[in-house]
Protein chains: 2
Amino acid sequence: MMNSAARPPAMSDVAALAGVSHQTVSRVLNDHPSVRPETRERVAEAILQLGYRRNSAARTLVTRRSGTLGVVTPATALYGPTSTLVGLEEAARVVGWFVSVATIRQFDGDSMHTALEHFLGQGVDGIAIIAPTTEVAQAIAAIASPVPVVLISSASDVPPVPHLHAVGVDQRHGARLATQHLLDQGFADVVHVAGPQDWFDAQDRLAGWREVMGPGAPEHVEAGWDAADGYELGLRMAREGLPSAIFAANDQLALGLLHAFWERGVRVPDDVAVVGFDDEVGAAHYTPPLTTVRQDFGALGRLAVDSLQAAFDGKDVARQQIPAELVVRASSVRPA
Amino acid sequence: MMNSAARPPAMSDVAALAGVSHQTVSRVLNDHPSVRPETRERVAEAILQLGYRRNSAARTLVTRRSGTLGVVTPATALYGPTSTLVGLEEAARVVGWFVSVATIRQFDGDSMHTALEHFLGQGVDGIAIIAPTTEVAQAIAAIASPVPVVLISSASDVPPVPHLHAVGVDQRHGARLATQHLLDQGFADVVHVAGPQDWFDAQDRLAGWREVMGPGAPEHVEAGWDAADGYELGLRMAREGLPSAIFAANDQLALGLLHAFWERGVRVPDDVAVVGFDDEVGAAHYTPPLTTVRQDFGALGRLAVDSLQAAFDGKDVARQQIPAELVVRASSVRPA
DNA sequence: CGTCCGTGGGTGAGCGCTCACACCGACACG
DNA sequence: CGTGTCGGTGTGAGCGCTCACCCACGGACG
């Protein structure tokens with residue numbers, strides 16, 4: 001039975017029913033060792049009988065811990081950010097943290113400031129920021145957060161601000177894998193279609209490609225993250241001349257390229273090889289199936305939560321990177 | 001300047017600095033009319049000077065409103081659920097609600113129960129559940145939540161439980177649009193590749209297709225939501241015989257079909273037309289570009305939040321549906 | 001000139017919990 | 001047989017806010 005909606009049962013109600021003090025109930029709830037088993041039993045029964053749930057607001061008020069993490073993420077259904085969010089939530093729940101989300105349309109300083117204030121006002125224990133731009137990092141540096149903040153990013157140049165940490169998948173490494181793979185397949189002329197250069201991830205993928213290509217690297221092309229951008233670019237390339245291979249900064253760009261090439265009768269990988277980044281759902285079923293770089297978002301989430309937790313406990317937090325993994329499919333394998 | 005991390009400033013600190021009582025500070029914060037402008041000014045200045053932020057835990061404790069909404073969503077980067085989440089968050093923020101998320105791997109009663117308890121323990125003001133299965137609805141019916149719950153679903157058979165509401169995009173209508181479009185194009189033999197039938201959305205898309213096809217409808221095929229399922233099915237169809245058109249329950253299934261057909265040299269739409277559902281990012285760039293059904297997730301989020309708000313305020317909540325929209329692309333247009 | 005009411009503001013209680021500490025009996029030890 | 005120690009439990013304060021209520025003052029009104 002539910003009791004009437006008047007007031008949910010409080011600790012004192014449980015205590016009264018079990019014939020103990022509120023403090024003993026608290027001890028039972030918090031697994032304090034020194035409670036006699038039979039007392040514990042009686043309390044547990046009273047809790048069940050009343051349908052008692054402890055009031056987390058009261059708890060937060062006195063402990064100054066809300067048990068909530070704030071996550072800032074772009075307001076899109078992009079594969080990377082979304083998967084990161086899921087990974088984060090699962091990792092957070094394992095260690096008993098709730099995840100509160102705020103989406104933002106643009107990663108400028110103002111939006112960021114608003115989002116952070118939003119979370120700080122709520123009293124979160126830590127904040128994670130997914131897919132940040134350089135501008136974001138500056139905005140964060142300016143706000144002097146009383147709680148730890150982690151940037152989900154492989155950026156090497158995160159400003160050295162106290163309480164600001166960074167974890168990420170090693171984008172540069174992933175980019176090297178992709179580029180090297182294309183070279184190994186015998187495609188000498190590997191062009192990079194880069195993502196928006198204010199995104200850390202896009203910067204790093206570009207850098208990784210450059211590292212492998214060395215000083216003789218051709219010019220890269222800059223684009224957005226969307227398939228439409230890749231499509232436009234693909235049409236232009238088909239018109240103006242094709243490289244032997246293209247490393248696209250994400251799978252959507254690659255998809256757009258594939259579309260344009262298919263439409264123009266350019267064969268992949270025969271006429272031009274294509275590699276993406278992300279291994280999004282469905283990449284295995286593009287036309288042709290797309291070689292790409294996979295990131296372990298579960299591990300990423302765990303790493304982010306770990307470092308937030310360490311920072312929260314006042315420990316030192318080491319910067320950490322997760323390696324990426326190449327997934328080879330038909331779009332980049334040299335025809336026999 | 002930050003003051004030392006000892007204790008964040010409280011209302012009384014602001015009051016002392018401004019030379020008023022804590023109550024006046026509260027009035028300023030809550031926009032109470034009867035405060036003299038100059039007093040208001042003084043308080044505002046003190047707030048700024050101390051970097052004061054009101055403690056939401058204390059506020060929640062006394063008002064019994066946490067200002068937080070719980071959202072349960074599947075632990076995947078699927079386009080539909082993700083977009084819904086984003087839509088919900090934006091709508092919630094507009095009316096001043098935070099969004100806390102819990103992802104679940106399986107929509108069985110147990111996971112659902114855990115997630116709900118998780119939120120109720122946190123004291124959320126309302127709960128939204130994205131992409132529910134029939135089993136979920138039963139689990140919710142069993143839990144007697146003290147706060148309103150909204151199922152994001154177009155299901156017509158949501159159990160009539162108090163505090164349980166439902167909003168959704170009209171899946172059935174969308175399916176009718178897709179099917180009718182194929183018939184209008186002259187494809188008589190429209191087969192449906194259905195999603196998992198324990199999902200409300202999958203049920204409704206199937207039902208919509210059936211409505212249009214009438215009693216002479218062919219058998220539908222049941223599958224999961226993934227491209228891999230579509231791919232397998234596509235291979236089988238290419239082997240065992242093709243219908244004139246296929247209406248797939250989502251874009252990923254359609255993508256898998258396209259992949260299989262391309263691999264087997266089956267031309268789309270010449271040999272078989274294909275229509276999907278969702279209009280996910282990239283669907284415009286599949287091979288060929290995919291005809292599909294688009295849902296307005298922003299409107300969906302607003303609707304969900306509205307109904308939660310109405311329920312929270314004790315008003316009556318009418319069931320509401322949002323229409324879907326057909327997006328015609330090359331995959332379903334009869335060749336001239 | 002007393003009464004009434006509205007404006008601007010203060011006072012105190014209490015939301016439900018945890019933390020620090022007091023207490024009490026039992027048992028060990030010198 | 002006094003003194004220490006320790007398991008098991010209770011007491012009271014207080015976290016930072018809102019809510020209900022009270023108070024002072026001034027102008028309007030009969």
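- Nucleotide D:dC15 holds its C1' atom 16 Å from the CZ atom of A:R65, rounded to whole Å.
- As rounded to whole Å, 16 Å separates atom P of D:dT11 from atom CE of A:M11.
- Both B:T39 and B:L61 sit near DNA chain C, but only B:T39 has its closest nucleotide nearer the 5' end.
- Partners of B:S100 according to the side-chain contact (heavy atoms from CB on, under 4.5 Å) rule, which considers only residues two or more places apart in sequence or in another chain, are A:F98, B:T68, B:F119, B:Q122.
- Rounded to whole Å, the distance from CZ on A:R59 to C1' on D:dC15 is 14 Å.
- Here B:E117 pairs with A:R53 under the salt bridge (charged side-chain N to carboxylate O under 4.0 Å, His left out) rule; sequence neighbours left out.
- Contacts of B:D110 classified as side-chain contact (heavy atoms from CB on, under 4.5 Å), with partners at least two apart in sequence or in another chain: B:D108.
- Listed nucleotides C:dG10, C:dG16, D:dC19 differ in distance to B:T63; the shortest reach to its side chain belongs to D:dC19.
- Put simply, CG on A:N30 is 11 Å from C1' on C:dC19, counting in whole angstrom units.
- Applying the salt bridge (charged side-chain N to carboxylate O under 4.0 Å, His left out) test to A:R93 and every residue at least two apart in sequence or in another chain returns A:E89.
- Counting atom types as modelled, B:R36 pairs no side-chain N or O with a base atom of C:dG9 as donor and acceptor under 3.5 Å.
- One can place CG of B:D31 at 15 Å from C1' of D:dT18, the figure rounded to the nearest angstrom.
- A 4.5 Å side-chain heavy-atom check between B:T39 and B:V28 finds every atom pair outside the cut-off.
- The side chain of B:R64 contributes no N or O atom lying less than 4.0 Å from OP1 or OP2 of D:dT18.
- Contacts of A:A75 classified as side-chain contact (heavy atoms from CB on, under 4.5 Å), with partners at least two apart in sequence or in another chain: A:T103, A:R105, B:V86, B:E90.
- Distance A:H32 NE2 to D:dG8 C1': 9 Å, rounded to the nearest Å.
- The side chain of B:S21 lies closest to C:dT11 when the candidates are C:dT11, C:dC17, D:dT9.
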Could you go step by step and tell me if A:S34 and A:H32 meet the side chain to side chain donor-acceptor pair (under 3.5 Å) rule?
CA-CA 6 Å; A:S34 69; A:H32 190 94; 3.2 Å; yes

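- Here the side chain of A:R7 is nearest to one of D:dC17, C:dG16, C:dC17, namely C:dG16.
- Contact check for B:R42 versus B:V20: side-chain heavy atoms found under the 4.5 Å cut-off.
- End-to-end axis angle for the helix from C:dC1-D:dG30 to C:dG30-D:dC1, using five pairs per end and rounding to 10°, comes out at 50°.
- Between the side chain of B:R40 and the base of C:dG8, no donor-acceptor pair under 3.5 Å is found.
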Identify every side-chain donor-acceptor pair in residues 297-313 of chain A under 3.5 Å, counting partners at least two apart or on other chains, and give the distances.
unit_1	atom_1	unit_2	atom_2	d
A:S307	OG	A:A304	O	3.1

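- Under the side-chain contact (heavy atoms from CB on, under 4.5 Å) criterion, A:L17 pairs with A:A46, A:Q49, A:L50, sequence neighbours left out.
- A sub-4.0 Å separation between OP1 or OP2 of D:dC15 and a side-chain N or O of B:N55 is absent.
- Among the heavy atoms of the strands lying under 4.0 Å from A:T24 are primed sugar atoms or P, OP1, OP2 only; no base atom is included.
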Under 3.5 Å between N/O atoms: give me all the protein pairs with nucleotides 12-14 of chain D, atom names plus distance.
unit_1	atom_1	unit_2	atom_2	d
D:dG12	O6	A:H22	NE2	3.4

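- The interatomic distance linking B:R42 (CZ) with C:dG9 (C1') rounds to 11 Å, in whole Å.
- Residue A:R27 is in base contact, counting any heavy-atom pair closer than 4.0 Å across all strands shown.
- Here D:dG16 presents its P atom at 10 Å from OH of B:Y52, a figure rounded to the nearest Å.
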